[in-house]
Amino acid sequence: MHLTDAEQAVLDGESGEGAQKAMELVVALGKVYGAEGLVDITSAHLSGASYKTIGDGGLKYLSDLAAGGAKVSVPSTLNPIGMDRERWAEMHIGSDFAEKQNEIVRLYGAMGVKTTCSCTPYTGANVPKTGDHIAWAESSALSFANAMIGARTNREGGPGALAAAIVGKTANYGLHLDANRRPTVVIEADIGDSLFEHSLLGQAVGMRIGGGIPYFRGIRPGLEEGKTMAAAMAAAGAVAMWHVEGVTPEAAGCDLEGLETIHIGKAELEDAFERINTADDVQLIALGCPHLTEREMHEIASLLKGRKKRGDAEIWFCTSAAVRERCAEDVRVLEEFGPVLADTCMVVAPIEGSFSRTGTNSCKAGNYLPTLCSQKVMCRDIAELLKVVS
Amino acid sequence: MMLEGRSISKGRAEGTVLKLEDALSFLGGVDASTGELRVQREGNVAGKVLVFPRGKGSTVGSFVMYDLMVHGCAPAAVVNSSAETIVATGAVISSIPMVDSVDVGLILDGDRAVVDGSEGTVELPDVKVVESSSSAVVIGGKVLMLHRPDGARSYPGRWSLVAGKREEGETPLETAVREIREETGLAVGEPDASEGPLYVREGDIIWKVSMFLFRLPDGAEPRLNRENTEYRLCAPDELGSMELVPKTLESVGRMLRL
């Protein structure tokens with residue numbers, strides 16, 4: 001692997017121990033992937049924020065790193081944490097967990113990370129530009145950034161993305177390079193306009209192709225559709241980059257000659273639906289995977305307005321603190337039914353202590369709730385889920 | 001014996017090898033506060049040179065390695081065939097020396113090993129390298145196989161190619177030609193194919209084996225000395241059923257196709 005003199009100096013410890021350790025990690029990961037060198041990044045987005053997922057080992061690592069004076073050198077944001085920073089008691093979370101979780105957030109903050117704690121940084125807190133090289137963890141966010149924005153990132157892991165944020169560089173391989181961003185398969189999508197069908201489309205494509213770079217025809221995703229597709233494809237498969245004809249910035253130059261074409265329609269969506277659904281009734285409905293946008297907050301509020309909460313099932317609305325603040329009117333409507341939670345979601349929160357059957361409109365959550373939270377899952381569109389509680 | 005690999009995490013450490021045959025997930029596979037293994041076999045990774053093919057499983061495994069370090073139960077060093085991101089990350093953040101791109105088949109449980117993560121080497125001080133040559137003598141399309149006596153020092157009772165140790169001053173080819181002459185009475189010239197060297201572990205020895213293939217016309221008749229008890233001419237597809245020295249069967253297969 002080739003390092004510049006400046007990079008070698010950091011590796012030799014000339015910029016301090018924190019930067020040296022971070023550079024060691026960036027270089028080691030570069031070797032694992034066969035990178036020939038490093039590339040400067042303009043931003044980072046970090047996973048590994050929930051105490052539930054990183055545990056005491058992760059907490060200790062962050063605390064040692066922060067104590068050593070490590071600081072990020074590019075704008076960096078943080079993924080959702082295990083609870084709403086103020087309203088954790090409403091999530092049935094104990095004070096032990098809350099204390100450790102708040103300590104993790106404090107440590108990231110001390111290292112200069114913006115602790116917005118959202119999986120949709122591209123809606124405001126951290127918006128890359130087309131062509132930017134970035135080091136993002138959080139599979140749904142990085143896939144959105146690659147495909148919908150045309151920024152360039154691999155699937156970074158938590159510690160690797162943090163190390164990249166500290167040195168301002170990441171290994172130059174994979175999706176940072178033009179040759180690896182070309183489509184590998186054409187998807188002819190024959191689906192309706194609803195958000196839920198876009199989530200099922202992502203699930204069906206992830207199940208069908210596993211990895212690779214799909215090139216879609218027949219859809220015109222906006223922010224919300226792109227968000228939910230990206231999330232589902234990255235959870236059902238390992239898709240981190242995709243194109244949509246006439247929509248995404250790199251689609252126009254794509255060479256499709258010789259690529260296999262796969263048709264995804266009603267039957268494939270039904271298979272995806274069957275795969276995800278394992279429950280017919282639920283104790284918790286959690287919306288906002290990935291975090292609810294302003295438009296989704298308005299739509300949910302308009303569906304609930306004038307109705308009354310009914311039934312025993314709880315409902316949580318998960319979003320970013322910024323969106324919660326901007327949608328005060330909608331929040332008032334939603335709060336009649338359940339808490340509007342910021343900074344967290346049902347996948348990274350320790351819900352398994354309180355619930356065993358959860359409803360979601362997200363195929364991403366549908367993939368992770370059984371494995372990370374021991375839940376049976378009811379996956380439906382938002383309107384249908386809302387009928388359970390209104 | 002010095003095994004040349006690739007540096008993944010710097011530092012140097014010495015210890016006894018704890019060997020795992022399968023890929024390892026640190027999350028669920030190792031108790032973070034004691035170092036006890038929970039999968040594959042009994043054992044404790046603390047202070048050991050932990051040798052396994054590769055990592056797998058949850059990315060939280062990196063933090064389990066850090067937790068082991070905090071509890072004083074981390075392995076002294078890690079050696080993999082091929083590093084992946086979880087274990088590489090865990091080793092670097094926990095300052096555990098790590099080397100990959102090493103043939104872990106050459107390292108045995110209980111070996112004393114010195115791992116240099118900065119240089120990318122694994123030294124096995126108690127294991128010595130012995131150079132040898134091993135030849136497939138092909139007579140009329142069939143491979144000459146010799147049967148070693150039960151009392152042989154190396155691979156007793158097994159069927160083998162014509163093989164022997166290199167003597168002082170010999171090239172590997174000279175060793176091959178001499179061994180064929182001594183053990184079979186046959187004269188061979190230039191090899192029709194060659195490969196290697198292969199490295200094969202047997203007890204405290206790593207054999208460094210240079211492979212050759214010589215074709216002889218039909219009717220050439222071997223005359224055995226006392227080193228072997230009988231011979232057989234085998235069709236290439238029969239070799240698979242014989243318990244050959246590891247790796248040699250594949251090598252002969254490749255050379256026969258040349």
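Below, read A as the first sequence line, B as the second, and so on, with proteins coming before strands; counting in each chain starts at 1.
- Residue-environment remark: CD (Glu352(A)) exceeds the threshold of 12 foreign heavy atoms within 6.0 Å.
- The parts of Ser95(B) that come within reach of chain A are both its backbone and its side chain, each placing non-hydrogen atoms under 4.5 angstrom from that chain.
- Looking at Val70(B), the atoms closer than 4.5 Å to chain A (heavy atoms on both sides) all sit in the side chain, from C-beta outward.
- Using a 4.5 Å cut-off between heavy atoms, Ala83(B) touches chain A through backbone and side chain atoms alike.
- In terms of heavy-atom pairs under 4.5 Å with chain A, the best-connected choice from Met98(B), Glu84(B), Lys10(B) is Lys10(B).
- Using a 4.5 Å cut-off between heavy atoms, Ser94(B) does not touch chain A at all.
- Around atom CD of Glu119(B), no more than 12 heavy atoms belonging to other residues, nucleotides or ligands sit under 6.0 Å away.
- For Thr85(B), the parts sitting under 4.5 Å from any heavy atom of chain A are the backbone and the side chain alike.
- Within 6.0 Å of CD in Glu36(B) there are more than 12 heavy atoms belonging to other residues, nucleotides or ligands.
- What you find for Val32(A) and Arg6(B) is that their closest heavy atoms are CA-NH2, 4.1 Å.
- The choice from Thr89(B), Leu27(B), Ile8(B), Thr59(B) that makes the most heavy-atom pairs within less than 4.5 Å of chain A is Thr89(B).
- For a heavy-atom cut-off of 4.5 Å, chain B lies close to Thr53(A), Ile54(A), Asp56(A), Gly57(A), Gly58(A), Lys60(A), Tyr61(A), Asp64(A) in residues 50-66 of chain A.
- Contacts of residues 14-25 of chain A with chain B at a heavy-atom distance below 4.5 Å involve Gln20(A), Lys21(A), Glu24(A), Leu25(A), listed in sequence order.
- Within a 6.0 Å sphere centred on CG of Asp12(A), other residues, nucleotides and ligands contribute more than 12 heavy atoms.
- Between chain B and the residues Pro159(A), Ala163(A), Gly160(A), the most heavy-atom pairs under 4.5 angstrom are made by Pro159(A).
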